[in-house]
Amino acid sequence: MSIIGISGNLLYENNSIPKAFVNRSYVDSVIRASGTPFIMPITDDERTIKSMVEKVDGVLMTGGVDVHPFRFGEEPITKIGTISDERDEFDFTVMKYACEMNKPIFGICRGIQVINVHFGGTLIQDIPTQRNTNILHSQTAELYVPAHKIQIVKDSIIYDMFGDTAEVNSFHHQAIDKVSKDFRVTATSKDGIVEAIEYKKKDSFILGVQWHPELMSSKNIKMQNLFDMFVEVCKSRK
């Protein structure tokens, strides 16, 4: 079975001891795909991060708080959300080693943003104030309910999964602005917000999506197929 490293998160609540965790929906989606989930807890020990990446067959970059604008050369605007320097440092170090080792990478929500910034792209810090749109990108409906549609480019991984269009959920106020030159956009929402990117180099696999397929995968087979495909890619590149 392919071992899938899932990038971890930190939880601070009521002045209690900080907790290292990942949302169970990522774990369950990997298990349904016949992968072995390996939670990579946040640490500032670079040797440990390198060791964790070495031991997995692929890396799933998860959602979370905003990426600090300093990471892409901008000053934070007033509508910036919660940021975590500790999370940023961990995620970008994971990306560094995963790319050096040519591990397959699948980024979700914050994950697609981290991928883009790692490769030199930039982000919209707050869609409502920086873009003129009436598309709902931060929904209040149940987690698995679609919020809007996306248009998908032919001859792409996403097209193979969904066809011309798909209905996706949405829980973000940041998004890709300038796309890294190493990637091509393969899906957008009707207002032009980037919803998927794919790595141009054919000997490597990096895919990022802006929505949360892990929150839909238990009820939507096409969303689960994304994880099935990723686990299979990781298996084939062992």
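Only this structure's heavy atoms are used, side chains among them; waters, hydrogens and symmetry mates stay out. Here the structure is a predicted model, which is why all the values come from computation and not from measurement.
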Peer 1: List the atom pairs, with distances to 0.1 Å, where a side-chain N or O of residues 74-86 and a protein N or O form a donor-acceptor pair under 3.5 Å, not counting sequence neighbours.
Peer 2:
from, atom 1, to, atom 2, distance (Å)
E74, OE1, Q125, NE2, 2.9
S84, OG, R87, N, 3.0
E86, OE1, Y12, OH, 3.1

Peer 1: Using salt bridge (charged side-chain N to carboxylate O under 4.0 Å, His left out) as the criterion, list what pairs up with K149, not counting sequence neighbours.
Peer 2: none
Peer 1: Strictly by modelled atom types, are D57 and S2 linked by a side-chain donor-acceptor pair under 3.5 Å?
Peer 2: no
Peer 1: Would you find a donor on one side and an acceptor on the other, under 3.5 Å apart, between the side chain of K154 and the backbone of G163?
Peer 2: no
Peer 1: Do D91 and H118 have side-chain N/O donor and acceptor atoms under 3.5 Å apart?
Peer 2: no
Peer 1: With a 4.5 Å cut-off on side-chain heavy atoms, are S218 and D28 touching?
Peer 2: no
Peer 1: V30 vs T36, test: side chain to side chain contact (heavy atoms under 4.5 Å, CB included). Steps then yes/no.
Peer 2: CA-CA 7 Å; V30 169; T36 301; over 6 Å; no
Peer 1: Could you pull out all residues at least two apart from D88 that satisfy salt bridge (charged side-chain N to carboxylate O under 4.0 Å, His left out)?
Peer 2: R110
Peer 1: Between V27 and I31, is the side chain to side chain contact (heavy atoms under 4.5 Å, CB included) condition met? List the steps.
Peer 2: CA-CA 6 Å; V27 173; I31 291 173; 3.7 Å; yes
Peer 1: For L215, is there any backbone N or O sitting under 3.5 Å from a side-chain donor or acceptor partner on S25?
Peer 2: no
Peer 1: I'd like to check M216 versus P146 (side-chain heavy atoms, cut-off strictly below 4.5 Å). Are they in contact?
Peer 2: yes
Peer 1: CE/M52 to CD1/I3 distance, rounded to the nearest 0.5 angstrom?
Peer 2: 13.5 Å
Peer 1: Return yes if some donor-acceptor pair links the side-chain N/O of E198 with the main-chain N/O of L207 below 3.5 Å, else return no.
Peer 2: no
Peer 1: Taking all non-hydrogen atoms of both residues into account, name the closest pair between I105 and A98 and its distance.
Peer 2: CD1-CB, 3.8 Å
Peer 1: Would you mind reporting whether T188 and I150 have side-chain heavy atoms less than 4.5 Å apart?
Peer 2: no
Peer 1: Do E46 and K96 meet the salt-bridge criterion of a basic N to acidic O distance under 4.0 Å?
Peer 2: yes
Peer 1: Work out which heavy atom in I197 is nearest to a heavy atom in T186; give both atom names and the distance.
Peer 2: N-OG1, 4.1 Å
Peer 1: So, for F106 and F227, is the gap between ring centers shorter than 6.0 Å?
Peer 2: yes
Peer 1: Once rounded to the nearest 0.5 Å, what's the spacing between atom CZ of F205 and atom SG of C234?
Peer 2: 7.5 Å
Peer 1: Counting C-beta onward and ignoring hydrogens, is there a side-chain heavy-atom pair between V56 and I4 closer than 4.5 Å?
Peer 2: no
Peer 1: I need the L60 CG to I39 CD1 distance, nearest 0.5 Å.
Peer 2: 11.0 Å
Peer 1: Does F230 belong to the same Ile/Leu/Val/Met/Phe/Trp/Tyr cluster as M223, with side-chain heavy atoms less than 4.5 Å apart forming each link?
Peer 2: yes
Peer 1: More than 12 non-hydrogen atoms from neighbouring residues, nucleotides or ligands closer than 6.0 Å to CG on N132, yes or no?
Peer 2: no
Peer 1: Examine distances only and state if a side-chain atom of T62 and a backbone atom of S7 form a donor-acceptor pair shorter than 3.5 Å.
Peer 2: yes
Peer 1: Before giving the answer on salt bridge (charged side-chain N to carboxylate O under 4.0 Å, His left out), spell out for R237 and E232 the whole-Å C-alpha distance, their side-chain angles and the decisive distance to 0.1 Å.
Peer 2: CA-CA 9 Å; R237 291 173 182 262; E232 189 60 33; over 6 Å; no
Peer 1: Are any of the side-chain heavy atoms of K190 and T133 separated by less than 4.5 Å?
Peer 2: no
Peer 1: Could you tell me whether the side chain of I193 reaches within less than 4.5 Å of the side chain of I135, counting heavy atoms only?
Peer 2: no
Peer 1: Find out whether I112 and I176 are in side-chain contact, i.e. whether some heavy atom of one side chain is under 4.5 Å from a heavy atom of the other.
Peer 2: yes
Peer 1: Spell out, as yes or no, whether a donor-acceptor pair under 3.5 Å connects the side chain of D126 to the backbone of T129.
Peer 2: yes
Peer 1: Going by atom types only, do Q224 and N220 share a side-chain donor-acceptor pair under 3.5 Å?
Peer 2: no
Peer 1: Would R131 and D177 pass as an ion pair if we require N to O under 4.0 Å?
Peer 2: yes
Peer 1: So which atom in I158 and which in A196 form the shortest heavy-atom distance, rounded to 0.1 Å?
Peer 2: CG1-CB, 3.9 Å
Peer 1: Keeping N169 on the side-chain end and A147 on the backbone end, is there a donor-acceptor pair under 3.5 Å?
Peer 2: no
Peer 1: Measure from the side-chain N and O atoms of S170 to the backbone N and O of W211, and report whether any donor-acceptor pair falls under 3.5 Å.
Peer 2: no
Peer 1: Would S16 and N14 count as having a side-chain donor-acceptor pair, cut-off 3.5 Å?
Peer 2: no
Peer 1: Might you point out which heavy atoms bring L10 and A20 nearest each other, and give the distance in Å?
Peer 2: CD2-CA, 4.4 Å
Peer 1: So which atom in Q139 and which in V145 form the shortest heavy-atom distance, rounded to 0.1 Å?
Peer 2: NE2-O, 3.0 Å
Peer 1: Is there a side chain to side chain contact (heavy atoms under 4.5 Å, CB included) between F21 and N23 once you walk through the steps?
Peer 2: CA-CA 7 Å; F21 78 102; N23 290 336; 3.4 Å; yes
Peer 1: How about F119 and Y199: are their ring centroids closer than 6.0 Å?
Peer 2: yes
Peer 1: D182 side chain to K201 main-chain N or O, any donor-acceptor pair under 3.5 Å?
Peer 2: no
Peer 1: Within the structure provided, determine whether H148 and E195 are in side-chain contact (heavy-atom separation under 4.5 Å).
Peer 2: yes
Peer 1: Under 4.5 Å between side-chain heavy atoms, hopping through other hydrophobics if needed: is there a path connecting V179 to V117?
Peer 2: yes
Peer 1: Hey, are T43 and T48 close enough side-chain-wise for a donor-acceptor pair under 3.5 Å?
Peer 2: no
Peer 1: Quick one: pull up CE in M40 and OG in S51 and give me the separation to the nearest 0.5 Å.
Peer 2: 11.5 Å
Peer 1: Does NZ or CZ of K222 fall inside the cone over F162's six-membered ring, less than 6.0 Å from its centre and within 45° of the axis?
Peer 2: no
Peer 1: Treat each ILVMFWY residue as a node, draw an edge where side-chain heavy atoms are under 4.5 Å apart, and state whether F183 and L226 are in one component.
Peer 2: no
Peer 1: In terms of hydrophobic clusters joined by side-chain contacts under 4.5 Å, are V168 and I127 together?
Peer 2: no
Peer 1: I'd like to know if the side chain of N116 pairs up with that of S180 as donor and acceptor (distance under 3.5 Å, no hydrogens or angles considered).
Peer 2: no
Peer 1: Any chance the rings of H172 and H212 have centres within less than 6.0 Å?
Peer 2: no
Peer 1: Counting heavy atoms not belonging to I221, are there more than 12 under 6.0 Å from its CD1?
Peer 2: yes
Peer 1: Between E54 and R47, does any NZ, NE, NH1 or NH2 come within less than 4.0 Å of an OD or OE carboxylate oxygen?
Peer 2: no
Peer 1: Give a yes or no answer on whether the side chain of Y26 reaches the backbone of G63 with a donor-acceptor pair at less than 3.5 Å.
Peer 2: yes
Peer 1: Looking at R32, I want to see if its CZ is surrounded by more than 12 non-hydrogen atoms of other residues, nucleotides or ligands under 6.0 Å.
Peer 2: yes
Peer 1: I'd like to know if M1 and I6 are part of one continuous hydrophobic network [Ile/Leu/Val/Met/Phe/Trp/Tyr, side-chain heavy atoms within less than 4.5 Å].
Peer 2: no
Peer 1: Check the pair Q210 / S189 against side chain to side chain contact (heavy atoms under 4.5 Å, CB included), numbers first and verdict last.
Peer 2: CA-CA 10 Å; Q210 185 57 72; S189 50; over 6 Å; no
